[in-house]
Amino acid sequence: MSDPDVMTAFTSGLADINLDESSTPRTGARAAGMKSASASIYDMAATLSGRGDLWNWGMDDPTLVAEIQALLPGFTEFGTDGFSEQLYYLALRDLPIGLDDYAGRVVLEVGCGMGEGLNFLSRIAHGARMTGLDLSPRAVARATATLSRGEDLRFVRGDAEELPIEDGSVDILVNIESSHTYPDLERFLREAERVLRPGGILTHIDVFTRQRFRTMRRITEEIHGLKWIADHDISAEVRAAVRRRMAPDSHFRRVLDRQRMNPLVRRIAAHSQILMFGGMFAGYQPPTSIRVLSKLGIVPWMSGLPMESYRHQVAVRT
Ligand SMILES: C[S@@+](CC[C@H](N)C(=O)[O-])C[C@H]1O[C@@H](n2cnc3c(N)ncnc32)[C@H](O)[C@@H]1O
């Protein structure tokens with residue numbers, strides 16, 4: 001598939017998965033096509049991303065920033081803006097297992113991207129054995145080359161719906177802004193149920209359309225081995241981070257400004273980045289120049305999916 005074909009397959013797959021409860025592609029050619037497009041998209045992202053980059057929309061909560069600073073002073077040392085790390089911190093905060101109780105525990109992150117988030121967690125939850133798993137071969141190769149540390153932090157390629165992990169072997173399963181791309185959410189949650197040991201915890205963070213949230217509620221009622229103990233709507237904090245990233249003096253705008261691009265190309269690049277990092281969810285309105293270019297068909301117009309909420313949900317394996 002060429003790059004535009006991959007993008008079309010990915011966006012139409014996302015729409016199928018997140019908008020249509022009845023015809024969610026569960027298996028077969030459509031699901032396989034979506035996964036192949038998804039792997040290609042994140043392979044491209046892995047080629048373009050720099051050290052320290054995370055791939056989620058982030059959240060902005062000063063209380064969390066203060067707590068992270070206390071645990072890990074200078075946690076944005078690779079020059080990130082720290083919003084994405086806050087989501088990772090939230091994933092482990094307030095769980096039945098405290099941050100001082102990770103020695104020897106097995107942590108699995110499904111959909112780990114280039115591994116930067118899991119690496120960050122390894123610095124605040126000491127002594128755990130952490131594995132990051134992702135569908136994108138290039139993301140896994142980058143994570144392995146730059147971050148792996150023997151049994152303490154390793155990365156494997158795999159599919160969330162078919163985890164290459166032994167039954168009952170995981171203490172904490174982390175999943176951040178990844179499951180909305182899985183054709184079969186039920187298969188993933190059943191895999192989580194299978195690989196978690198009794199008392200193990202699934203900490204799940206993602207963005208939802210109204211339809212996908214309903215699908216998730218229906219599925220969770222049917223999976224008896226996972227007892228859901230929290231469901232927090234963190235949309236306001238996520239929107240706050242996206243808005244700060246969109247602001248004219250933001251870290252991400254400064255990174256773009258450093259690159260040698262003509263001003264119009266930079267504006268187009270900023271527009272695509274804002275769309276990818278939750279702009280529509282935070283009420284982004286493209287500038288007039290982008291509207292004109294998109295009317296002329298020069299810049300693709302992406303309205304994005306009508307995402308309704310961004311949530312943190314926690315389940316315990318019974
Ligand atoms: C938006 S990125 C988030 C990455 C990372 N969790 C973060 O917050 O920076 C979504 C990730 O999910 C991965 N992914 C998508 N479908 C997957 C699947 N079926 N199995 C495993 N990983 C998948 C993608 O390759 C990508 O790395």
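Nothing fancy with the numbering, it's 1 onward along the sequence. Note that ligands are numbered from 1 as they come in the structure, with each ligand's atoms numbered from 1 the same way.
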Nearest non-hydrogen protein atom, [atom]:
atom                    : answer
atom 4 (C) of ligand 1  : G111 O, 3.6 Å
atom 8 (O) of ligand 1  : N56 ND2, 2.8 Å
atom 25 (O) of ligand 1 : D134 OD1, 2.6 Å
atom 16 (N) of ligand 1 : T181 OG1, 3.3 Å

Quick one: does [X] get a heavy atom under 4.0 Å from ligand 1?
X    : value
A39  : no
E116 : no
S38  : yes
Y88  : yes
E177 : yes

Purely on distance, is any nitrogen or oxygen of S178 under 3.5 Å from one on ligand 1?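 Yes.
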Enclosure of E162 CD (heavy-atom neighbours >12, cutoff 6.0 Å):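 At most 12 heavy atoms, drawn from other residues, nucleotides or ligands, come within 6.0 Å of this atom.
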Over 12 foreign heavy atoms within 6.0 Å of CZ, R244: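 For R244, atom CZ is not crowded (no more than 12 foreign heavy atoms under 6.0 Å).
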Compare all side-chain heavy atoms of R157 with those of L133 and state whether any distance is below 4.5 angstrom. no
Full working for salt bridge (charged side-chain N to carboxylate O under 4.0 Å, His left out) between E221 and R217: CA-CA 6 Å; E221 277 164 21; R217 288 182 94 144; 5.5 Å; no
Between R218 and E186, does any NZ, NE, NH1 or NH2 come within less than 4.0 Å of an OD or OE carboxylate oxygen?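 Not counted as a salt bridge, because no side-chain N and carboxylate O are separated by less than 4.0 Å.
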To the nearest 0.5 Å, how far apart are CZ in R154 and OG in S148? 10.5 Å
In Å and rounded to the nearest 0.5 Å, what is the CG to CZ distance from L64 to R93?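 Atom-to-atom, L64:CG and R93:CZ are 5.0 Å apart.
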